[in-house]
Amino acid sequence: MENSDTTKVVLLACGSFNPITIMHLRMFELARDHLEDTGKYRVVKGIISPVGDGYKKKGLIEASHRLEMARLAAESSDWVKVDPWEAQQAEWVETAKVIRHHYEELLAAEGKNDQVDTVKVGKKRRHEDRDGFSLSHSVRTDVPQLKLLCGADVLESFSVPNLWKPEDITEIIGRFGMVCITRAGNDAWKFVHQSDTLWRHRKNIHLVKEWVTNDISSTHVRRALRRGQSVRYLLPDPVVQYILEHSLYSAESEEKNVDVILAPLQRYSKSGN
Ligand SMILES: Nc1ncnc2c1ncn2[C@@H]1O[C@H](COP(=O)(O)OP(=O)(O)OP(=O)(O)O)[C@@H](O)[C@H]1O
Ligand SMILES: NC(=O)c1ccc[n+]([C@@H]2O[C@H](COP(=O)(O)O)[C@@H](O)[C@H]2O)c1
Ligand SMILES: [Zn+2]
């Protein structure tokens with residue numbers, strides 16, 4: 001039965017997905033269970049958004065292949081879909097912009113625009129937060145919430161110099177919120193505790209402890225493929241087939257972007273941000 005007190009949530013996972021693994025799909029299941037277990041949320045959709053080639057990460061193969069593999073993987077889910085928008089952009093797009101794009105899509109799908117209906121927005125939300133970010137322009141309760149889904153490594157990468165703009169971190173967490181899958185739960189909490197920005201927005205950070213630890217990573221999968229080893233059961237079968245059919249992941253593909261600086265580092269060190 002529909003509970004009118006629950007808030008609908010859409011989960012957005014951004015990453016390389018080079019290639020997508022079963023752990024990426026598990027993240028969605030873990031996050032949905034965690035949010036729904038609070039009794040406050042109902043997760044209605046998951047979106048996988050592979051990063052574009054402009055991200056320039058070492059070993060990042062073409063977005064067309066990564067998108068197709070993600071689509072094959074998502075066929076096994078009735079609620080997680082792949083969205084090609086980010087992957088199709090000529091230049092790397094900041095995650096905050098990707099979230100904004102999907103939020104606008106969400107509003108459009110609900111027949112709403114980005115103007116907040118103040119009657120429907122809770123009073124306590126109508127203020128500037130301490131970073132000067134106007135929450136009154138951004139939080140509404142009549143459409144599903146959009147939250148960024150990621151692993152603890154992404155949360156911890158917030159402290160890497162020149163990787164994230166501080167205002168983007170504030171917007172991602174303060175305006176939208178994050179669901180973060182963590183293998184070492186205490187470390188992620190410690191990280192939140194040690195950052196003033198993260199601590200201020202702690203109620204918008206959902207840390208999900210993964211009890212059945214699973215260290216599958218795309219790096220491990222690419223390494224195994226380079227060595228001619230089996231990757232079966234680490235990836236959905238159709239993804240394994242696709243990789244073999246197209247001979248993806250070799251010593252050569254791992255050298256892609258080897259001498260190139262990662263797009264965010266390039267962008268933010270240049271601008272002096
Ligand atoms: N085993 C895992 N546990 C928790 N989160 C994970 C795990 N694997 C990937 N993620 C998360 O999935 C998202 C996409 O990650 P990404 O595409 O970088 O995969 P990855 O396996 O970490 O790849 P790579 O080894 O190339 O960095 C990120 O938010 C990452 O933190
Ligand atoms: N400043 C930013 O918005 C920023 C910085 C670094 C990574 N990211 C994103 O985080 C994800 C990380 O992916 P990887 O873990 O595969 O590197 C990608 O989607 C990337 O675009 C965003
Ligand atoms: Zn990663």
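Numbering of ligands and ligand atoms starts at 1, following listing order.
- Here is the list of ligand 1 atoms found below 4.0 Å of a heavy atom in Arg222: 26 (O).
- Scanning the protein heavy atoms around atom 31 (O) of ligand 1, the nearest turns out to be Asp153 OD1, 2.4 Å.
- For the atom pair NZ of Lys57 and OG of Ser218, the computed distance is 8.0 Å after rounding to the nearest 0.5 Å.
- Those atoms of ligand 2 with a heavy atom of Lys57 less than 4.0 angstrom away are 14 (P), 15 (O), 16 (O), 17 (O).
- Short contacts between ligand 2 and Glu94, defined as distances under 4.0 Å to a heavy atom of the residue, involve ligand atoms 3 (O).
- Using a 4.0 Å cut-off to heavy atoms of Val51, the atoms of ligand 2 that qualify are 21 (O).
- The neighbour count for His246 NE2, taken as heavy atoms of other residues, nucleotides or ligands under 6.0 Å away, is above 12.
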ask   = Checking side-chain hydrogen bond (donor to acceptor under 3.5 Å, both in side chains) for the pair Glu86/Ser49: CA distance, chi angles, key distance, verdict?
value = CA-CA 6 Å; Glu86 181 183 359; Ser49 179; 2.6 Å; yes
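- With ring centers used as reference points, His206 lies under 6.0 Å from Tyr41.
- Short contacts between ligand 1 and Thr219, defined as distances under 4.0 Å to a heavy atom of the residue, involve ligand atoms 24 (P), 25 (O), 26 (O).
- In this structure, CZ on Arg222 lies 8.5 Å from CG on Leu60, to the nearest 0.5 angstrom.
- Side-chain contact between Glu29 and Trp79 is present, with heavy atoms from C-beta onward closer than 4.5 Å.
- Cation-pi geometry between Lys209 and Trp211 is satisfied (NZ or CZ under 6.0 Å from the ring centre, within 45° of the ring normal).
- Near Ser16, meaning under 4.0 Å from any of its heavy atoms, are these atoms of ligand 1: 17 (O).
- Looking only at side-chain heavy atoms (C-beta outward), Thr21 and Val221 come within less than 4.5 Å of each other.
- Remark: the Tyr268 side chain and the Glu94 side chain contain an N/O donor-acceptor pair separated by less than 3.5 Å.
- Heavy atoms of Tyr268 approach ligand 2 to within less than 4.0 angstrom.
- Below 30°, between 30° and 60°, or above 60°: for His101 and Trp85 the angle between ring planes is below 30°, a parallel geometry.
- Atom 26 (O) of ligand 1 is flagged as protein-proximal [any protein heavy atom, distance under 4.0 Å].
- Here the protein heavy atom with the shortest distance to atom 29 (O) of ligand 1 is Gly151 N, 2.9 Å.
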key: Derivation and outcome, side-chain hydrogen bond (donor to acceptor under 3.5 Å, both in side chains), residues Asn257 and Tyr55   = CA-CA 10 Å; Asn257 300 322; Tyr55 187 42; over 6 Å; no
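- In this comparison of Gly54, Pro50, Ala13, Gly15, the heavy atom closest to atom 18 (C) of ligand 2 sits on Gly15.
- Contacts with ligand 2 closer than 4.0 Å are made by heavy atoms of both the backbone and the side chain of Thr95.
- For the pair His220 and ligand 1, no heavy-atom separation below 4.0 Å is found.
- Protein heavy atom nearest atom 16 (O) of ligand 2, with residue, atom name and distance: Ser16 OG, 2.5 Å.
- Met23 CG, 3.7 Å is the protein heavy atom nearest to atom 7 (C) of ligand 1.
- Residue Asn214 has at least one nitrogen or oxygen atom sitting less than 3.5 Å from a nitrogen or oxygen atom of ligand 1, judged on distance alone.
- There is no path of hydrophobic side-chain contacts, each under 4.5 Å, that joins Met27 to Val44.
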request  = Begin from the C-alpha positions of Trp189 and Gln194 and carry the test side-chain hydrogen bond (donor to acceptor under 3.5 Å, both in side chains) through to its verdict.
outcome  = CA-CA 9 Å; Trp189 275 120; Gln194 286 174 347; over 6 Å; no
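- Distances between N or O atoms of Gly15 and those of ligand 1 include no value under 3.5 Å.
- Those atoms of ligand 1 with a heavy atom of Ile216 less than 4.0 angstrom away are 1 (N), 8 (N).
- Heavy atoms of Leu163 approach ligand 2 to within less than 4.0 angstrom.
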Stepwise side chain to side chain contact (heavy atoms under 4.5 Å, CB included) test for Ile48 and Ile20 = CA-CA 10 Å; Ile48 298 170; Ile20 191 161; 3.7 Å; yes
request  = Could you walk me through whether Trp92 and Lys56 pass side chain to side chain contact (heavy atoms under 4.5 Å, CB included), step by step?
outcome  = CA-CA 8 Å; Trp92 171 71; Lys56 301 286 179 205; over 6 Å; no
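- Atom 21 (O) of ligand 2 has Trp92 NE1, 2.9 Å as its closest protein atom, hydrogens excluded (heavy atom only).
- The protein heavy atom nearest to atom 12 (C) of ligand 2 is Tyr55 OH, 3.7 Å.
- Close approach of ligand 1 to Met27 is summarised as follows: ligand atoms under 4.0 Å from at least one heavy atom of the residue are 5 (N), 6 (C), 10 (N), 11 (C), 12 (O).
- For atom 16 (P) of ligand 1, the nearest non-hydrogen atom of the protein is His24 NE2, 3.6 Å.
- Near Phe17, the atoms of ligand 1 lying under 4.0 angstrom from a non-hydrogen atom of the residue are 17 (O).
- Remark: ligand 1 atoms within the under-4.0 Å shell around heavy atoms of Cys150 are 29 (O).
- Interatomic distance, Lys97 NZ to His102 NE2, rounded to the nearest 0.5 Å: 14.0 Å.
- Atom 21 (O) of ligand 1 has as its closest protein heavy atom Ser218 N, 2.8 Å.
- The atoms of ligand 1 that sit less than 4.0 Å from any heavy atom of Lys57 are 27 (O).
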